[in-house]
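A, B, ... follow the sequence lines: proteins, then strands. Residue 1 opens every chain.
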Amino acid sequence: MFKKILFATSTTEASDHAARVAFNMAQSYDANICIFHVIGVPTRGFSQIVMDVKTKEKVEIDDEYIAWVKEEIMVYYSKQLEKAKSYDIKVAVGFPHREILREARNNSPDLIVMGGSTGDDEDSVYKKSMVGSTLQRVAKAAPCPLLVVNRPAASFWGGISKVVFGTDFSKASDAAFKFAVKLAKDLGCELNLFHALDISSLHMGRLLTQDEIESQIRESLRCIRGRYLDELKGIKDYSFDVWEGLPYIEIVKYAREKHADLIVMAHHTQKSSNEDARLGSNIEQVIVRAGCPVISINK
Amino acid sequence: MKKILIVDDDPNIVDYLTTLFEDNGFLTFAARNVKEAMELARKEIPDLITLDLEMPEEWGPRFYRKISQEKNLKNIPIIVISGFPGCTHAIGKAVACLQKPFDRDELLKIVKDNLK
Amino acid sequence: MANEILIIDKDIRHAKALGIYLKRKKMRVYTAKNSDDILKLFDRINIKIVLADPSCFSKDFIGILKKIKKTYSEVQIVIMATPEQFDYAMAYLKDEAVHYLLKPVKSAALDMALKQAKTWIAVNSKLLRYEKKMQVLKQAQNLFQQLFDEVPCYISVQDKNFCLTATNKMFKRDFGDEIGSHCYEVYKHRVLPCEKCPVADTFKDALSHSTEEVVTSKSGKQHNVITWTAPVKDSHGRITQVMEMSTNISQIRQLQDHLTSLGLMIGSMSHGIKGMLTALDGGIYQLETGLAKGDKKRTDHAFDQIKQIAGRIRKMVLEILYYAKSRELVYQTVEIKKMAQKAAEDAMAMAIKKGIRFKLKIAPSLGTIQVDPNWIHATLVNFLENAIDACIYDLNKKNQFVKFDIFEKSPDRICFVIQDNGMGMDQETKEKMFTLFFTSKGSQGTGLGLFIANRVICQHGGTIEVESEPGKGSCFNISLPRKKPEQFCIVDPHHEEIT
């Protein structure tokens, strides 16, 4: 299923947990892993003078410098690379999200693996207005599934045997579902379908009675059955559930309960309005909070 | 042929449902209490279960709880058929809930819908 | 006040002098010359004092004075007489006159006489007023006493020590005339005041309090009452006593209980009813499809089922009706043999079907009995069916039987004995079997059958004896009197009172 993995890294501690997952996956599924690092942001136009992301110094880019960076990467990941069968190391200059997407478009990996936010905000080179803007932009436009390992707690890899699929019954979710089913079938893992019933007053306009909530839950269960059950025939073990609450919290809880190794969700299912941008959509919150890696699908 | 497990302590009702389902081309098994029901379910792995709620000794919901713990049984659709009003709430994940006395056409429709 | 004075004196000069003197004293003076004048004056004017010299006039004048005194009793007569005529005057007017003056009247004497007359008038009018007030008071007292006694509540008045100082008729009737005893002794048969005593609360805060209590009458009977207390103040506004009024709500509570259990019953039966209706649906479906397919086996089976279930529904409806309506029995004289046979008929058929032996033994020449045949029939059938069910549910034995024995126990009592060797009853079942809503048949039982059977037998003045051993079988011995009982049966050995 995964033969080509694109692992975008900052080559700092911040990406370590994502590294762990990426390398493990490459090993488990015999995949080629491409370690992709974006050096820095050009200070002006297309000049060669660049602000190095790591050292935060102005540097002039030339082949020598690039070779040096590659060397550094190799050293940094030497341990993992020992076990890796097939790998590439690539370095690029520019805005990280642009370069990653470019690389993805050019080389069509099966999966992009990224870590979460790279830490300190103060003197960060990236003009961040909210958490993980690189992540946001890559997730939005990635041409293939994007696996995010946001925090160390989400990175204790043990292979994929239990997958949670979160749906809101949108078309985007249907696409993500197809992926989840394929994943479950190919890897022979347990698939748990989940829908969160949003009961926040913002969403519903008022406080619902428990009976109303429960009848909506039943309705949602019926929806799941109608929409997805047929495709699940080939899967050895599946279950489905509907919980009420704040969607991103409920998904995280459900995944925890099911001891999920992976959460699969559709990316933003609607054009992000201002409201969503302010709150962060469900998938963003799930990525940030989940206790396991999250795969975001956007087509 | 699809298999339906009927769980009810009233022999008249078991008789009725058995005849009704068999007439419509289903294979049926009947259990009069939770213990029998679990044994039959494990043995036959039905495609659908009709469940009465109030039975002597253990009640319907207990059966549901037990069956949800078993991997190959937990996803079998369950139709609750009970004399209690408000039985819709007894087993949240039931596919449907019918009150006694039920409309047999409605029951058949639900059964057929869930056994396609 | 008392300023109208009439002077009667033939001596005009004297009279005039008196008149002037009195006028100075701010009195209104009238004079009369003859008897006619006197009476006319009295008609017109409210004369209070008469100053008269009777010697001037004839005897009939004295008569007039007496008459006046009689008619206007508050008039005070002062007699003036010369010393010679004094005795004469005294003799005739000693009863009517209030004072005597010697003529010529001295002013000091006149003053004193007037003073006395006026005092008398004032006192008399006071007395009159008081008399009137006393009458009103007495009337009011009578009225209140009537109210106190006729009110259909218990009223008692207690002092600070909870001693009864007054009780009304109804109280006396049910609790005795216990003036002086403690209210808690009389009402509740306690030795100490009650915990949440509303009387105590009223003593404390001078407000009315209300509670619901259970009180015990002289005869030991218990009543539910609602109690109100009100403070009784003395003339200084201090609370010296508290009045306690209790309304008997036992009947309401009984009705409430009855309605509650009726509601309970309907609720608990509705589940059974739904089951039966579904089973009926099943029977009908099988009948329909059996006929359509020409499947005789199925149609026969369906018919059987429908009959059975219709019977069960009928039984349940009758039980509900019995429980909901009045329980008056309609007595008839029936032949015991026929009644027993009829009851055994249905039971026998059921027994044979299930392979249980049924033995019916009716003693010869039993004669007749006065009962409500419908209810006794239903009751006997109930017991018989229970016996058969006991055998059916007992999966262990073969050779099961049900025996129905009817014989004369004594000239006026008939015994119906129903025995089976089925599953028997444990201790708990034996104790609870006649209670409401108890059933050992799960969803098939209504919980009413034996409860009603028990009451029916009791209302007939009969008794039920039960013997049973788990695993071995049971024996029900029902004894009924030949004749209808004289009064309503009030004792049920299995429960407390039925009315």
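- Checked by atom type and distance alone, the side chain of C:K403 never pairs as donor or acceptor with a backbone atom of C:L360 at under 3.5 Å.
- Ring pair C:F383/C:F476 is tilted by interplanar angle, where 30° to 60° counts as tilted.
- Contacts with chain C were tallied for B:L20, B:D52, B:I13; B:L20 has the most, counting heavy-atom pairs under 4.5 Å.
- One finds no salt bridge joining C:D281 and B:K100 here, because no Lys/Arg side-chain nitrogen approaches an Asp/Glu carboxylate oxygen to under 4.0 Å.
- Among C:Q305, C:K293, C:H301, the residue with the largest count of heavy-atom pairs under 4.5 Å with chain B is C:Q305.
- With a threshold of 4.5 angstrom between heavy atoms, C:L280 does not approach chain B through any atom at all.
- Of the two parts of B:L17, neither the backbone nor the side chain holds a non-hydrogen atom closer than 4.5 Å to a non-hydrogen atom of chain C.
- Under the 6.0 Å cut-off for aromatic ring centres, C:F451 and C:F434 do not qualify, their centroids lying 6.0 Å or more apart.
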